**Student:** 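Questions regarding the structure given below will be posed in turn.
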Amino acid sequence: MPILIAPDDSYQSSWLEGTKEFDGAHLHGAGAEDWPLEELRDARSFRRFVDALVRGALPESPRKPGYVPCTYLWIVEGETFLGSLAIRHELNDFLLNEGGHIGYSVRPSARRRGHAAKALAAALPIARELGLTRVLLTCDEDNSGSRATIKKNGGIYEDTRNGKRRYWVATAASA
């Protein structure tokens with residue numbers, strides 16, 4: 001059964017295999033924007049990447065302008081990396097309009113099995129522990145799979161901005 005874990009360099013081989021499946025497409029929730037895939041084949045570079053992801057949750061960690069503290073998690077099953085999920089601790093203007101609090105990606109070979117919905121469900125209590133009572137999730141207007149994932153987790157549609165559907169999800173079950 002898939003679980004969420006903190007990034008772990010023991011998954012390097014599987015992470016690289018999973019990332020290759022995206023064929024250059026953006027990996028939402030991966031935190032890999034500034035890391036060339038070729039460089040991450042080196043074990044030391046991959047360890048630095050994992051360390052940077054873990055440090056990204058710390059408010060005092062240096063980050064690029066426009067970036068906010070973020071808890072990165074990996075979706076894994078056994079020794080297999082299935083995807084990434086990021087919980088952003090706060091929203092800036094871009095995240096409020098397009099990015100949201102939580103972003104995720106599931107490797108193409110593992111899609112349509114409910115992994116994203118289960119990972120999102122597991123991430124909501126973590127977001128609550130970070131002090132977020134509700135989180136914003138966004139998806140492309142034409143991404144029916146992500147819409148279903150968000151709705152399955154209680155997403156309430158608010159509006160569409162710049163081609164992104166915006167949903168709010170409570171981090172605690174309603175009483």
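Bear in mind that the values here come from a model prediction, so they are computed numbers and not experimental data. FYI, the numbering just counts along the sequence from 1.
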**Student:** Please check if the side chain of Q12 supplies one atom and the backbone of R47 the other of a donor-acceptor pair under 3.5 Å.
**Tutor:** no

**Student:** How about E33: does its CD atom have over 12 heavy atoms from other parts shown lying under 6.0 Å from it?
**Tutor:**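 Yes, the 6.0 Å shell around CD holds more than 12 heavy atoms from other groups.
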
**Student:** A side-chain contact here means heavy atoms from C-beta on lying under 4.5 Å apart; do R63 and P69 qualify?
**Tutor:**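 Yes; the side chains approach each other to less than 4.5 Å.
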
**Student:** Got a sec: does the CG of D159 have more than 12 other heavy atoms crowding it under 6.0 Å?
**Tutor:** yes

**Student:** If every non-hydrogen atom of R147 is compared with every non-hydrogen atom of C139, which pair is closest and at what distance?
**Tutor:**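 Answer, listing the atom of R147 first, then C139: CG-SG, 3.5 Å.
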
**Student:** With rounding to the nearest 0.5 Å, note down the distance linking CD in E60 to CZ in R55.
**Tutor:** 10.5 Å

**Student:** Using 30° and 60° as the class boundaries, would you call the ring planes of Y11 and W74 parallel, tilted or perpendicular?
**Tutor:** perpendicular

**Student:** Kindly work out whether a path of hydrophobic side-chain contacts (I/L/V/M/F/W/Y, heavy atoms less than 4.5 Å apart) joins L85 to I126.
**Tutor:** yes

**Student:** Take atom CG in D34; do more than 12 heavy atoms of anything else shown fall under 6.0 Å from it?
**Tutor:** yes

**Student:** M1: which other cluster members, linking ILVMFWY side chains closer than 4.5 Å, directly or transitively?
**Tutor:** none

**Student:** Counting only N and O atoms by type, is there a donor-acceptor contact under 3.5 Å from the side chain of R112 to the main-chain atoms of P108?
**Tutor:**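 Here the side-chain-to-backbone pair does not exist.
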
**Student:** State the CD-OG distance between E17 and S109, to the nearest 0.5 angstrom.
**Tutor:** 9.0 Å

**Student:** Is there a side-chain contact between L91 and V68, using heavy atoms and a 4.5 Å cut-off?
**Tutor:**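 No. Closest side-chain heavy atoms not under 4.5 Å.
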
**Student:** Do F46 and L37 share a hydrophobic cluster, counting only Ile, Leu, Val, Met, Phe, Trp and Tyr and linking them when any side-chain heavy atoms are less than 4.5 Å apart?
**Tutor:** yes

**Student:** For F81, does the six-membered ring have the charged nitrogen or CZ of R107 within the cation-pi criterion, i.e. under 6.0 angstrom from the centroid and within 45° of the normal?
**Tutor:**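 Judged by the rule (NZ or CZ under 6.0 Å from the ring centre, within 45° of its axis), R107 is not positioned above F81.
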
**Student:** Taking the side chain as every heavy atom from C-beta outward, state whether L96 and R166 have any atom pair closer than 4.5 Å.
**Tutor:**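 Sidechains of R166 and L96: in contact.
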
**Student:** Show the nearest heavy-atom pair for residues A30 and F49, with the distance to one decimal.
**Tutor:**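 A30 and F49 have their closest heavy atoms at O-CZ, 3.9 Å.
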
**Student:** Given the rule that I, L, V, M, F, W and Y join up when any side-chain heavy atoms are under 4.5 Å apart, are L136 and I150 in one cluster?
**Tutor:** no

**Student:** Charged N to carboxylate O under 4.0 angstrom, E98 versus K164?
**Tutor:** no

**Student:** Are I3 and V76 close enough that some pair of their side-chain heavy atoms sits under 4.5 Å apart?
**Tutor:**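 Result yes, sub-4.5 Å side-chain heavy-atom pair found.
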
**Student:** In Å and rounded to the nearest 0.5 Å, what is the OH to OG distance from Y67 to S61?
**Tutor:**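 Here the interatomic distance stands at 15.0 Å.
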
**Student:** Same cluster for Y72 and L120 if Ile/Leu/Val/Met/Phe/Trp/Tyr side chains link at under 4.5 Å?
**Tutor:** no

**Student:** Looking at every non-hydrogen atom in both residues, tell me the closest pair between E141 and T160 and how far apart they are.
**Tutor:** OE1-CG2, 3.0 Å

**Student:** Can a side-chain donor-acceptor contact be found between S45 and R48 if the only test is distance below 3.5 angstrom?
**Tutor:** yes

**Student:** Looking at residues at least two apart in the chain, or sitting in another chain, which of them share a salt bridge (Lys or Arg N to Asp or Glu O under 4.0 Å) with E38?
**Tutor:**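 R41.
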
**Student:** Identify whether L130 and Y104 are in the same connected component of the hydrophobic contact network (ILVMFWY, side-chain heavy atoms under 4.5 Å).
**Tutor:** yes

**Student:** Is Y157 close to K151 at the side-chain level, that is, under 4.5 Å between some pair of heavy atoms?
**Tutor:** no

**Student:** Taking side chain as C-beta onward, heavy atoms only, is I87 less than 4.5 Å from L73?
**Tutor:**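 Counting from C-beta outward, I87 and L73 do come under 4.5 Å.
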
**Student:** Taking all non-hydrogen atoms of both residues into account, name the closest pair between I75 and P2 and its distance.
**Tutor:** CG2-CB, 4.2 Å

**Student:** Roughly how far, to the nearest 0.5 Å, is the NE2 atom of H89 from the NE2 atom of H101?
**Tutor:** 10.0 Å

**Student:** As an exercise, state the distance from CZ of R161 to CG of N97, rounded to the nearest 0.5 Å.
**Tutor:** 5.0 Å

**Student:** Nearest 0.5 Å, what's the CG-CG distance between D8 and L53?
**Tutor:** 11.5 Å

**Student:** Between N153 and A117, what is the shortest heavy-atom contact and its length?
**Tutor:** ND2-O, 3.2 Å

**Student:** For A122 and L4, work out which heavy atoms get closest and say how close.
**Tutor:**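 Smallest heavy-atom distance, with atoms named: CB-CD1, 3.7 Å.
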
